[in-house]
Amino acid sequence: MSGIRRQALAVARRDLARERRRGEVLWVTVPFGIIALLLVPLAIGTDQATLHRVGPGLYWVVVLLFGVLVGVRGAADETGPQRDAAALLGLDPVAVFAGRALATSSLLVVFELVVGVAAIALYDIDLIGVGWLALVVLLVAIGLGTLATIASSIVASGAGTAALVPLLVAPLAIPLLLGATQSLDGLRQGTSILSWILLMIVVVLVLGIVGVVSSGPLQESR
Amino acid sequence: MTPSVPIVEFRGVGLRVGTTTILRSVDLVVDPGQAIGLFGANGAGKTTLLRVLGTLSRPTEGLARVLGVDLTTTDRYDLRPRIGLVGHTPALYPELTLRENLAFAAEVMDVARSRVDEALAMVGLAGAAERPAGACSHGMQRRAEFARELMVERDLLLLDEPHSALDRDAVDLVEGLVARTLDRGGAAVLVSHDRDRVAKMADRCVELEAGVLR
């Protein structure tokens, strides 16, 4: 196994083990997301037809907003001495970026799936084109996870505070949100969603390249 | 490593952050097999100098070479596994067990997993291997950090307050770790307020005053 791949997997395993012990995503963020989905019918009424129509869009908005919280944890959960000790293990910045993005994306997939089940139950969302749907869920998780990792690295470099992460992530995640909502809409109406899938793939690739290129300078600017 | 190449060669090294000068005109040469004691008042710049030696902060002026590598111009990732740093603040992940903390280091450095349990046993923590680091005392966490250093062979050892929060047995371990590094032709820099103890371990001692080495 190559050095960077081995190190990236070690970083991802470490982050997921830490998250498993703390349970922030499972016991705090997921319930919060479900509560947000529960509150909407109280605000706009319980008319089933309306909820059925707006449900998919609301689901993706909740995924975006609460997904940012999943990503924010990366900005605050490593102290200076921990970062220094990790650096002196010879961790390549690209491996750190890839490992953290992998861990955050994995957590986001779990978040999307659990909150997705709640959205289906609450808004009676049709499950059409499960294969495409799985791809959309995966692309949103990877894109949002990568974006949150870049934002967290900017914060960790000392160029801002953790409160800055949502401001950095939310606007840049709009193409992902657009791709996801339009894909679901296309699946419901039976139209092609290929262009939206391609948009999301391009966004994910661009974010990946930005993350890799900026990982060294961001780590070394501390 | 060529014996004639100093482990550390600093000539007129300075570090400025914004308008604040933290280190100025630091001249320091540490040869293979040497241990240096570094003293100074709080805020004198000791920890910053240790970070520069550890390649974690880049100097803004002067010639700075560690293990023959120019820190001002070169990528430092390849150099870092040759440098060990144990700070006075524990750097373990509190949610992970001591074994998981060391296993992470072993995996990143491509060290055999068997070294993890060997190192924990060497520092007397075999029985606490499954305990989360956050549930361990400060002294136990420091022992675990020394265990991490025992898993690998470093060419430069940087220890910040090496005797802090340690009992007599653990102090012996630290001294053994330093001796092992020096015997292999490495070097050590020991930052401490405990002058007497460090003076016994060091070949020479230097004092940092307001960022200037005396």
Side-chain angles (χ1 to χ4, degrees), chain A residues 1-27 73-74 76-100 102-103 156-159 212-213 215-222, chain B residues 17-18 47 50-58 66 71 74-97 99-111 113 132-135 141-142 144-145 148-149 151-152 154-158 160:
Chain A
M1 199 188 300
S2 80
I4 287 184
R5 191 170 156 212
R6 186 191 69 248
Q7 292 188 346
L9 289 174
V11 169
R13 266 196 291 270
R14 176 202 65 186
D15 281 9
L16 289 173
R18 295 185 73 192
E19 172 52 40
R20 199 171 59 242
R21 302 276 158 74
R22 284 187 304 204
E24 279 176 15
V25 171
L26 199 60
W27 301 115
R73 95 206 191 290
D77 72 349
E78 199 169 33
T79 64
Q82 286 167 347
R83 273 197 295 270
D84 289 348
L88 287 176
L89 299 176
L91 262 176
D92 191 297
V94 174
V96 177
F97 164 73
R100 301 212 86 157
L102 179 62
S157 75
V212 166
V213 170
S215 59
L218 283 174
Q219 179 176 297
E220 295 308 307
S221 65
R222 284 188 283 120
Chain B
V17 178
T47 301
L50 220 52
R51 283 180 55 81
V52 174
L53 288 163
T55 76
L56 297 164
S57 291
R58 202 185 284 266
V66 171
L71 300 186
T74 323
D75 275 349
R76 298 158 286 177
Y77 316 129
D78 293 340
L79 187 61
R80 287 179 174 161
R82 297 172 64 190
I83 303 170
L85 169 66
V86 179
H88 56 79
T89 307
L92 301 175
Y93 300 104
E95 305 88 353
L96 303 186
T97 65
R99 179 179 281 130
E100 286 170 336
N101 266 287
L102 264 65
F104 169 67
E107 192 173 358
V108 169
M109 292 192 286
D110 205 13
V111 170
R113 282 294 285 266
Q141 290 188 50
R142 295 210 82 201
E145 294 202 49
R148 185 186 62 216
E149 297 309 315
M151 290 196 305
V152 287
R154 309 277 204 177
D155 293 319
L156 175 60
L157 205 52
L158 308 169
D160 200 351

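Bear in mind the structure is a predicted one, so any value in this text is a computation, not a measurement. In what follows, chains carry the letters A, B, and so on, assigned in the order in which the sequence lines appear, proteins first and then strands, with residues in each chain numbered from 1.
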Which bit of B/Leu79 is near chain A, if near means a heavy-atom gap under 4.5 Å: side chain, backbone, both or neither? neither
Check whether any side-chain heavy atom of A/Leu88 sits under 4.5 Å from a side-chain heavy atom of B/Leu56, and report yes or no. yes
Interatomic distance, CD@B/Glu107 vs CZ@A/Arg13, rounded to 0.5 Å, equals 4.0 Å
Mind listing the closest non-hydrogen atom pair of A/Ala87 and B/Arg80 along with its distance? O-CD, 3.4 Å
Between CG of A/Leu89 and CG of B/Leu85, what distance do you get to the nearest 0.5 Å? 10.5 Å
If you take all heavy atoms of A/Pro81 and B/Pro90, which pair is closest and at what distance? CB-O, 4.2 Å
Taking salt bridge (charged side-chain N to carboxylate O under 4.0 Å, His left out) as the test, write out the residues that go with B/Glu95, two or more places apart. A/Arg18, A/Arg22
Taking salt bridge (charged side-chain N to carboxylate O under 4.0 Å, His left out) as the definition, give me every residue that meets it alongside B/Arg148, ordered by chain and number, with sequence neighbours left out. B/Glu145
Rounded to the nearest 0.5 Å, what separation is found between the OG1 atom of B/Thr47 and the CG atom of A/Asp84? 10.5 Å
Residue pair A/Glu78 / B/Tyr93: nearest heavy atoms and the distance that separates them: OE2-OH, 3.0 Å
For B/Leu96 and A/Arg14, work out which heavy atoms get closest and say how close. CD1-CG, 3.9 Å
